[in-house]
There are 2 protein chains.
Amino acid sequence: MKQKPTLKVIAKELDVSVSTVSKALRDSKEIGEKTKERVKAFARLYNYRPNNIALSLKNKKTKTLGVIIPEIVHHFFTTVISGIEKFANEQGYNVIVGLSNESFDKEVINLDMLANGSIDGFILSVAKETLAKEDFHHIAETIDQGIPIVMFDRVIDEIPCDKVIVDDVATSKKAVQQLINSGCKKIGIISTMDYVSVGKLRTRGYMEALNHNDISVDFNAILKIDDEFHAANEHEALEKQIQTYFKTNPDLDGVFAVNEIYAITAMKIARKMGKSIPEDIQFIGFTDGVLSQHAYPPLTTVSQHGFEMGEEAARLLIERLEKQDEETESYQTVVVNTAIVERDTTK
Amino acid sequence: MKQKPTLKVIAKELDVSVSTVSKALRDSKEIGEKTKERVKAFARLYNYRPNNIALSLKNKKTKTLGVIIPEIVHHFFTTVISGIEKFANEQGYNVIVGLSNESFDKEVINLDMLANGSIDGFILSVAKETLAKEDFHHIAETIDQGIPIVMFDRVIDEIPCDKVIVDDVATSKKAVQQLINSGCKKIGIISTMDYVSVGKLRTRGYMEALNHNDISVDFNAILKIDDEFHAANEHEALEKQIQTYFKTNPDLDGVFAVNEIYAITAMKIARKMGKSIPEDIQFIGFTDGVLSQHAYPPLTTVSQHGFEMGEEAARLLIERLEKQDEETESYQTVVVNTAIVERDTTK
DNA sequence: ATGAACTACTAAAACGTTTTCGTGTTGACA
DNA sequence: TGTCAACACGAAAACGTTTTAGTAGTTCAT
């Protein structure tokens, strides 16, 4: 087992000082050519690599980003991570991930664990429980300690920081309009509880589309899924809620769902009730993932471009980190555009 | 913006020495009660947290694990990560992820970037390109530098290290046997190229099952998907290969696919060719993910218990890290068991 | 011959901890 | 009164870097 050489051992071995070694490796002009060569050759031979931790301590920056998301087993989030990773790596940054599992406490712990110098900044999508509690002190405190945060997807309006979102209202309006254009007369929405910002906004877009077409909104056609945080039978509960929803709304011929799972589950249930898609009832989902692509029939969705969101988030964060405190320009909110990808659940 | 207090500023503020502060906070009996209280109160007030980087440098351990996987937009891998995260967090470890994107070079870079002191050990699933090249020097070197590696799923036999796998041969045999028991007469397999260890092993299990039932293996019924590493049209290429496969094997009434995507894509194509599932042709996939659950019809799969694999991998790694060099017990290979979850693509 | 200006290097501090080894002040005991 | 523990604290080293501020030794012009 070869131990990693340090500057000190190289120095001793070559009988020069540590500073000479350091400077030689960084090609300082203070050091003579022959010594430089000697040092570099030795370093190459023993495969010297500067110790990252020591550098972090010295420079007071770790070159790593902390990404905290509610759930990793989720196509949208992993796409975002891919985008973050790509951009971050290109800039020489690493990515450390924390999972909140939609839990407030775990979010706090994760923030805390990493805010002790392990990372330079956070990219965060807020846990549902946190949104429900409306307790954001941990986030505010982190920012207050000088650690920048970029929020994406699930953001908090009250917290001033960089944000990456899609225009949920406009996009949803567009999606519902598409349903209307395809001949739907009675359109429903399957959304989340209002405390989830995106659910609220998408519902607003839904209503705006209806209003815009002089269709009165039927509040019974608005389903807000109440998901217990991590009940074991989560998925059964979801099915049950959608089932009763369809029963109370038998005349639905179009459904807009705010995520893939809701859409696909609804489709499954509709099919079970004997409806054919898209003849009897049409569907559009939000967030384009593998599930939608491979669903039966393939689901028409609005694509959020998660990869791009990740890249943007990483870009915002790294730019702020590198700018340091020079110019503390104000916070940006980047809106990445969306696209409806038409597949077989719409006419 | 409150700056994080250090021991030094606390010491100055309270007019004691740095060592006193450190000891007081760690409840050393060397320090008098009143001083301890004074220090603790102050620390609590200013929310003091020891700087992780400094600790890492001092202790020569970072308490973080590096996880390098080929692809994160993949249900199996994210499940494994969840398992790793859970176990790691419970033990006070963080997880830093690197994506190889199935590329040899990116794998090398990732290993290199993190091996400079950033992490204490690796959990790794090898990139396809690396397996194809059979160039494992970067992995061997990392281990040689004293950084332990745990491999999972895609492992390398030649490299001695801890491993977490499923019994691919036995499981595949079981799956194919199930197909046989359900009345399939002509069973095919959709696998990967042989250099992907799991593809090879699962193919072996397939053949063993046939042999065991005195069915001769038809090598035309064995499809080894040739995926260009990240061609843009990756998925189209896959469909095309499967399509010609079905054409050359018109009498297939059972298909065993080594992953979800292959299975689902094959089902889609079979359906397009007018076959009904499971009446005309039955399917079993490997790796139980959302895709299988929500496929139409819901796909019978063998579940790999990715979460458990992640937990096991983290456990092996952390145990080795904490044991340090005391007892260098030999490497373990943990085999996590599998289960066939029957859904609607088998009779 | 003197000093200035290079050249090529070294010493030491600093980043924030923990820990080992002192050290000065008490109090008790002979 | 002198000696010795016990007590409460401090100084300094160490982890591996980078960087600032020297410092010898040489060269060159005056």
Side-chain angles (χ1 to χ4, degrees), chain A residues 3-40 42-43 46-64 92 115-120 145-147 324, chain B residues 3-40 42-43 46-64 92 115-120 145-147 324:
Chain A
Q3 268 306 344
K4 302 223 86 174
T6 67
L7 291 187
K8 203 200 282 192
V9 323
I10 298 184
K12 185 177 296 179
E13 212 69 29
L14 263 45
D15 206 42
V16 292
S17 81
V18 172
S19 15
T20 303
V21 178
S22 174
K23 285 173 183 166
L25 291 176
R26 329 195 87 233
D27 235 340
S28 159
K29 65 182 66 163
E30 289 182 61
I31 306 299
E33 279 309 324
K34 345 100 194 188
T35 331
K36 266 195 213 173
E37 268 323 309
R38 230 162 48 95
V39 172
K40 284 184 186 172
F42 192 94
Y46 287 94
N47 191 32
Y48 169 80
R49 297 253 179 282
N51 179 305
N52 234 306
I53 297 292
L55 286 180
S56 295
L57 184 58
K58 181 116 243 286
N59 302 333
K60 290 171 152 263
K61 44 180 66 177
T62 60
K63 286 271 196 177
T64 96
N116 300 175
S118 302
I119 53 95
D120 295 340
Q145 280 174 10
I147 303 178
Q324 205 74 14
Chain B
Q3 270 304 346
K4 302 224 86 176
T6 67
L7 290 188
K8 204 199 282 192
V9 323
I10 298 184
K12 186 177 295 178
E13 212 68 29
L14 263 44
D15 206 42
V16 291
S17 81
V18 172
S19 15
T20 302
V21 178
S22 174
K23 287 171 185 168
L25 290 175
R26 329 196 85 233
D27 235 341
S28 159
K29 66 183 65 164
E30 288 183 63
I31 306 298
E33 279 308 326
K34 345 101 194 183
T35 332
K36 266 194 212 173
E37 267 323 310
R38 230 161 50 94
V39 171
K40 285 183 186 171
F42 191 94
Y46 287 94
N47 191 32
Y48 169 79
R49 297 253 179 283
N51 179 306
N52 234 308
I53 297 293
L55 285 181
S56 295
L57 184 58
K58 182 116 244 285
N59 303 331
K60 292 175 151 261
K61 44 180 66 177
T62 59
K63 286 273 196 175
T64 96
N116 300 178
S118 301
I119 53 96
D120 295 340
Q145 280 174 11
I147 303 177
Q324 205 71 15

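Quick note on labels: first sequence line is chain A, next is B, and so on, each numbered from 1.
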Nearest nucleotide by nearest heavy atom, which residue falls closer to the 5' end of DNA chain D, A/Glu30 or B/Lys29? B/Lys29

For B/Ser56, which residues count as a side chain to side chain contact (heavy atoms under 4.5 Å, CB included) partner, sequence neighbours excluded? A/Ile53, B/Asn52, B/Thr62

Base, sugar-phosphate, or nothing: which does B/Lys60 touch, judged by heavy atoms less than 4.0 Å apart? sugar-phosphate

Considering only heavy atoms and no angle criterion, is a donor-acceptor pair shorter than 3.5 Å present between the side chain of A/Lys23 and the base of D/dT17? no

To the nearest angstrom, how far is A/Asn59 atom CG from C/dA13 atom C1'? 15 Å

In whole Å, what is the span from the CG atom of A/Leu7 to the P atom of D/dT18? 6 Å

The side chain of B/Leu57 lies closest to which of these nucleotides: C/dT18, C/dG16, C/dT10? C/dG16

Is A/Thr35 touching bases, backbone alone, or none of the nucleic acid, heavy atoms closer than 4.0 Å? sugar-phosphate

Integer-rounded Å distance: C/dA8 P and A/Glu37 CD: 14 Å

Of C/dG16, C/dA12, C/dC9, the nucleotide closest to the side chain of A/Ser19 is C/dA12

At 4.0 Å (heavy atoms only), tell me whether B/Leu55 reaches a base, stays on the sugar-phosphate, or touches nothing. sugar-phosphate

Side-chain contact test, heavy atoms from C-beta onward, threshold under 4.5 Å: evaluate it for A/Phe42 versus A/Val21 and give yes or no. no

4.5 Å side-chain heavy-atom contact, B/Gln145 and A/Asn47: yes

To the nearest Å, give me how far apart CG (B/Leu25) and P (C/dT18) are. 8 Å

Any B/Arg26 side-chain N or O less than 4.0 Å from OP1/OP2 of C/dT19: yes

Rounded to the nearest angstrom, tell me the gap between atom NZ in A/Lys4 and atom P in D/dC15. 17 Å

Result for 5'-nearest mapping on DNA chain D, choosing between B/Lys58 and B/Lys34, is B/Lys34

Distance-only check: which donor-acceptor pairs under 3.5 Å involve side-chain atoms of residues 5-16 of chain A, not counting sequence neighbours?
{"unit_1": "A/Thr6", "atom_1": "OG1", "unit_2": "A/Lys8", "atom_2": "N", "d": "3.2"}
{"unit_1": "A/Thr6", "atom_1": "OG1", "unit_2": "A/Val9", "atom_2": "N", "d": "3.4"}

Compare the minimum distances between each of C/dC9, D/dT17, D/dA14 and the side chain of A/Ile31, then state the nucleotide with the smallest one. C/dC9

Pair A/Lys34 + A/Glu37: basic N to acidic O under 4.0 Å: no

In this structure, how many angstroms lie between the P atom of C/dC9 and the CG atom of A/Asp15, rounded? 12 Å

So, does B/Lys36 use its side chain to make a donor-acceptor pair with the main chain of B/Ser28 at under 3.5 Å? yes

Do any side-chain nitrogens or oxygens of B/Tyr48 fall under 4.0 Å of OP1 or OP2 in C/dG16? no

Report yes if a side-chain nitrogen or oxygen of A/Ser17 is closer than 4.0 Å to either non-bridging phosphate oxygen (OP1 or OP2) of C/dC9; otherwise report no. no

How close or far is atom C1' of C/dT18 from atom CG of B/Asn51, stated in whole angstroms? 13 Å

d(CG, B/Asn52; P, C/dT18) in whole Å: 11 Å

I want to confirm an ordering. Mapping B/Lys8 and A/Thr20 to their closest nucleotides on DNA chain C, which one lands closer to the 5' end? A/Thr20

Would you classify B/Thr6 as touching base, sugar-phosphate or nothing, given that sugar-phosphate means primed atoms plus P, OP1 and OP2, and contacts are heavy atoms under 4.0 Å? sugar-phosphate

